[in-house]
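Here's the structure, in C-alpha cells; my notes come after.
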Amino acid sequence: MLALSFYVSVFDQSQAEFQYFESDGLPSELKSIFRLSLFIPSQELSTYCQWRQKIVKAGDKDQDGQLDFEEFVHYLRDHEKKLRLVFKSLDKKNDGRIDAQEIMQSLRDLGVNISEQQAEKILKSMDKNGTMTIDWNEWRDYHLLHPAENIPEIILYWKHSTIFDVGENLLVPDEFTVEEKQTGMWWRHLVAGGGAGAVSRTCTAPLDRLKVLMQVHASRSNNMSMLGGFTQMIREGGIRSLWRGNGINVIKIAPESAIKFMAYEQMKRIIGSDQETLGIHERLVAGSLAGVIAQSSIYPMEVLKTRMALRKTGQYQGMLDCGKKILLKEGVSAFYKGYVPNMLGIIPYAGIDLAVYETLKNAWLQRYATSSADPGVFVLLACGTISSTCGQLASYPLALVRTRMQAEASVEGAPQMTMSKLFKHIVKTEGAFGLYRGLAPNFMKVIPAVSISYVVYENLKLTLGVQSR
C-alpha cells in the first residue's frame, strides 16, 4: 500500500499528517515503498485542501470518493496536456517564456483589462528565479498544485443566453468548452435552455401580450393602463385570451436556437478564429451575424406571433389558419413586415447586453473570485437581469416600430408606412415617449422570466444528465 501524506508544520505543535490517497494496485517497482511524504508550510494548508478537493473530483473515475495511484497519475498527465495548450496560447512571442505584457494582452483579448502591476503580481506568484518571466517548468509546477480559475471554468459558470430567456432571443450565443463539445453536453445545455425558455415565456405570456397591445393600440387619445389592458383582454376573450400568441412564441424557440448556434459556430470559423474562446468584439460580430441569420429564418413566425396576440375571438381558428389568411389576403411580403427594424435592433440589444454582462462579470471575478469562478445564483441572476434590461431599453424603439409594422394590416384605418415614416409619425403625434409604449409590462416580466428560466434550466440540466457545475 502506498499512502501520500501531508505533514503541516504548526507553530508550537507537532506536525499534522493528512493522508491524501492510497492504493493496493501499485506497479511492481513501487511495492517496496511504504509511504511518500510532502512537507508544506502551515499557511498553505488551505490551498492544498482546495487542491485535494478539486483533483479528487476531477480524477476519481470510479466515484468511490478516493483517488488511487493510477487515477492520480492519469489526472496529472491529462492536466499537464491542458496546461501545455494554455501556456502556448499565452506565449505570444513563442520564446518559451511568458511576461507581464503577454498576460495583459491575453486577458485583454477576452475582455478583461488589468493593470501592469496586477500582471506583475500574477507573475510573482509563479516566478521562482526572480526573472519576472515564467518558463514552462514554473508554469506547470505552479498549476499542477494550485487550484485556479481558468477560461473553461469561467465559461462553465457564466452561461448567459442559454440560461436566461426574457422573450427576445437576440443575445449573443454562449461559448462552450472543448470538453462540452466533445462529450455532447452542448446540445443538452441547449435543450435545457429551450425547455426553460418555453416555461418562462408561458408564465409571463400575459405581460407579453399586454406589451404588444400597448405598443399597437396605446396613444395619447387612448391612454391604456396596465390594469385597463388586462381588463380589456379578459372581457373580450376570457382568462385564456391572456395567452394568445404564446403557442407560436414557444414553438419558435427550437428552430431559432438551433440555427443561431450553428450559424455562430460557422461565423467563428469565417472570421478566422480557431481559439476556444473569442474576444468581446469577435463575439459581438459573430453573434450579431448569427442572430441575423436565425431571425431571417424564423421571421414569419414573429409576424404570426404578433397577429395571434392581437387577434379577436373567432378571428382565426389557429396558427395555420392565421398564416393561410395572411398569405391569401396580403401575400408573402406580409410575413416580412418590420424585418428591417428587427434586424437593426439586434446590434444595440446584443451589444449592450454583452458589454454590460461582461463588465459585471469581470468586476465580480476581479474582486471576489478567490478560489472559484462560480458566482452563485444571486449574482448570476442579478447580472443577467441588469444586462437584459439595458439591452431591451436601448433597442425598444426599434422593437415597437417592428411590432406596429407587423400589425398594420390587422388594425383598421392604420396607414401603411415605411420604418422612417413611422418613426417620424410616432414622434410627431405622441412625442419621444410614444416610442416606449408598453415598456412597463416589458420590464415587469424580466425578473420573473430570468428567475423562472434559471430554475427550470437547472432542473432540466440534471434530468438530461448534464454535470452539475
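Keep in mind that what you see is a predicted model, and the values were worked out from it rather than measured. When a residue number appears, it is its place in the shown sequence, counting from 1.
The side-chain heavy atoms of Val199 and Leu460, taken from C-beta on, include no pair separated by under 4.5 Å. At least one side-chain heavy atom of Trp243 sits under 4.5 Å from a side-chain heavy atom of Ile239. Contact check for Met405 versus Met417: no side-chain heavy atoms found under the 4.5 Å cut-off. Proximity of Arg311 to Cys322: side-chain heavy atoms (C-beta onward) are nowhere separated by under 4.5 Å. When side chains are defined from C-beta on, Leu398 does not count as touching Tyr349, because their heavy atoms never get closer than 4.5 Å.
No hydrogens or angles considered: nothing links the side chains of Asn342 and Glu302 as a donor-acceptor pair under 3.5 Å. Looking at Arg244 and Thr313, their side chains do bring a donor and an acceptor atom within 3.5 Å of each other. For Tyr339 and Ser296, the side-chain atoms include at least one donor-acceptor pair closer than 3.5 Å. Side-chain contact annotation: Glu430 with Tyr436, donor-acceptor N/O pair under 3.5 Å absent.
Of all heavy-atom pairs spanning Leu381 and Ser451, the tightest one is CD2-CA, 4.4 Å. In plain terms, the two heavy atoms of Ala294 and Ile259 that are nearest each other are CA-CG2, 3.7 Å. Minimum interatomic distance between Lys337 and Val303 (heavy atoms only, all atoms of both residues): O-CG2, 4.1 Å. Shortest non-hydrogen contact noted between Leu210 and Pro441 is CD2-CB, 4.0 Å. The two residues Leu400 and Gly434 come nearest to each other via the heavy atoms CD1-O, 3.6 Å. When every heavy atom of Ser453 is checked against every heavy atom of Ala196, the shortest pair comes out as O-CB, 3.2 Å.
A donor-acceptor pair under 3.5 Å is absent between the side-chain atoms of Arg437 and the main chain of Met224, judged by distance alone. Remark: side-chain polar atoms of Arg307 are not paired, donor with acceptor, to backbone N or O of Gly323 under 3.5 angstrom. For Ser395 (side chain) and Pro348 (main-chain N/O), no donor-acceptor pair under 3.5 Å exists by modelled atom type. Between the Ser257 side chain and the Ala254 main chain, no donor and acceptor come within less than 3.5 Å of each other.
Residue Leu207 holds its CG atom at 4.5 Å from CZ of Phe230, rounded to the nearest 0.5 Å. We find the CE-OG distance between Met267 and Ser288 to be 11.5 Å, quoted to the nearest 0.5 Å. Rounding to the nearest 0.5 angstrom, the gap separating the CG atom in Asn223 from the CE atom in Met214 is 7.5 Å. With rounding to the nearest 0.5 angstrom, the CG atom of Leu304 is 11.0 Å from the OH atom of Tyr299. Within the model, atoms OG of Ser333 and CD1 of Ile326 stand 11.0 Å from one another, a figure rounded to the nearest 0.5 Å. One finds the CG atom of Leu439 at 8.5 Å from the CD atom of Gln392 (value rounded to the nearest 0.5 Å).
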Yes or no on side chain to side chain contact (heavy atoms under 4.5 Å, CB included) for Ile293 and Tyr264, after CA distance, side-chain angles and deciding distance? CA-CA 9 Å; Ile293 293 170; Tyr264 183 64; over 6 Å; no
Show the numbers, then the answer: is there a side chain to side chain contact (heavy atoms under 4.5 Å, CB included) between Leu435 and Tyr396? CA-CA 8 Å; Leu435 295 171; Tyr396 195 83; over 6 Å; no
Evaluate the side chain to side chain contact (heavy atoms under 4.5 Å, CB included) criterion for residues Arg402 and Met419: first the C-alpha distance (whole Å), next the side-chain angles of each, then the deciding distance (0.1 Å), finally the verdict. CA-CA 8 Å; Arg402 173 202 67 191; Met419 180 184 72; over 6 Å; no
Side chain to side chain contact (heavy atoms under 4.5 Å, CB included) between Ser388 and Asp353, worked out: CA-CA 6 Å; Ser388 295; Asp353 174 85; 3.7 Å; yes
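Within 6.0 Å of CE on Met444 lie no more than 12 heavy atoms contributed by other residues, nucleotides or ligands. Residue-environment remark: CG (Leu328) exceeds the threshold of 12 foreign heavy atoms within 6.0 Å. Ile447 CD1: 12 or fewer foreign heavy atoms inside a 6.0 Å radius. Heavy atoms from other residues, nucleotides or ligands lying under 6.0 Å from NZ of Lys325 number more than 12. Around atom CD of Glu236, more than 12 heavy atoms belonging to other residues, nucleotides or ligands sit under 6.0 Å away.
Checking Thr306, Asn442, Thr403 one by one against Gln215, the side-chain hydrogen bond (donor to acceptor under 3.5 Å, both in side chains) holds for a single residue, Thr403.
Salt bridge status for Lys93 with Glu102: absent, with no side-chain N to carboxylate O gap under 4.0 Å. The pair Arg201-Asp208 does not meet the salt-bridge criterion, since no charged nitrogen lies less than 4.0 angstrom from a carboxylate oxygen.
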